[in-house]
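Report on the following structure.
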Amino acid sequence: MGDTNGQVVAGGNGKGNRLDQLTRPTDVLIDKETDSLIICDRWNRRVVRWSRRSGTTLGEIPIDHIWCWGLAIDDQRYLYISDTDKHEVRRYQIGDKNGTLVAGGNGEGAGLNQLNWPTYIFVDQQQTVNVSDRNNHRVMKWNKGAKEGIVVAGGQGQGNAVTQLSRPEGLFVDTLGTIYVTDALNHRVMRWPKGAKQGTVIVGGNDYGEEANQFRSPTGLSFDRHGNLYVVDYGNHRVQRFSIE
């Protein structure tokens, strides 16, 4: 906290597919067990693991040939990856290359057993998979073992009403089942209580722009343990922090 300069912990050697390079990474998480970063190295079509120990200059490739976008890890250390080419989410045991289908996988579409360009994912303690179904403008919840999902936010077509989303991306679900989602093309972050048919705008929603209460196509989001919200403000090339009541 308070640093004005960051430090490079992975990549930083230009765009490329060498083991010391990344190309347009979209998501990252920390595997505490191995003290490493797991990164979706999207344009290299691979997921890479990068040790956080100082002196590490190369990543390793646990999974490749995948158009990954979002990542999650559960309490049992299963890794979840969304695939925008196959319109599915798979769960992988560490070291497993093939994984198990846990959402979508029935081709591109808007059926309850389908996804259309799944991006970010959030997995809870029951191994329920929540996924931003970007091009269907909805957030879907797939219970463990389910053959189809449930619409938990949006799903009323693309638009800017409080019942609608427009290209949802970043996703967080709290212990009460409340969904927080970046509504990218509406330049806002929305909160959807469990079971609600409409959401509320908690930050943004003031058209697109560079002011402190505006975004340009927000993508990722996350919360810290003090309840502060962090939003990747993609089009403004910045990360913003908000304290949410």
Q | Among Gln125, Gln127, Arg91, side-chain hydrogen bond (donor to acceptor under 3.5 Å, both in side chains) partner for Asp74 | A |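 For Asp74, the side-chain hydrogen bond (donor to acceptor under 3.5 Å, both in side chains) test succeeds with only one of Gln125, Gln127, Arg91, which is Gln127.
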May I ask you to decide whether [X] forms a salt bridge with [Y], counting only side-chain N to carboxylate O separations under 4.0 Å?
X      : Y      : result
Arg216 : Asp233 : no
Glu169 : Arg167 : no
Lys86  : Glu108 : no
Asp31  : Arg77  : yes

**Q.** Residue pair Ser36 / Arg49, side-chain donor-acceptor N/O under 3.5 Å
**A.**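 Yes, side-chain donor-acceptor contact under 3.5 Å.
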Q: Using distance alone, with no hydrogens and no angle criterion, decide if Gln158 and Ser166 have a side-chain donor and acceptor under 3.5 Å apart.
A: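 Distance-only check passes for Gln158 and Ser166.
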Q: For atom NZ of Lys97, decide whether the heavy atoms of other residues, nucleotides or ligands shown that lie under 6.0 angstrom number more than 12.
A: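 Result for NZ/Lys97: enclosed.
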Atom pair [atom1] ([X]) and [atom2] ([Y]), whose distance is rounded to the nearest 0.5 Å:
X      : Y      : atom1 : atom2 : result
Arg138 : Asp133 : CZ    : CG    : 4.5 Å
Ile63  : Asp41  : CD1   : CG    : 13.0 Å
Lys194 : Leu176 : NZ    : CG    : 9.0 Å

Q.
Please tell me whether Trp67 and Trp43 form a close aromatic pair, meaning their ring centres lie under 6.0 Å apart.
A.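 Yes, close enough.
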Determine whether [X] and [Y] fall in the same hydrophobic cluster, where Ile, Leu, Val, Met, Phe, Trp and Tyr are linked whenever their side-chain heavy atoms lie under 4.5 Å apart.
X      : Y      : result
Tyr230 : Phe223 : no
Ile73  : Tyr92  : yes
Val189 : Val201 : yes

Q) Which heavy atom of Val181 sits nearest a heavy atom of Leu221, and at what distance? A)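 Val181 and Leu221 have their closest heavy atoms at C-CD2, 3.9 Å.
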Q.
Would you call the rings of His187 and Tyr208 parallel, tilted or perpendicular, taking 30° and 60° as the class edges?
A.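 Correct class here is tilted.
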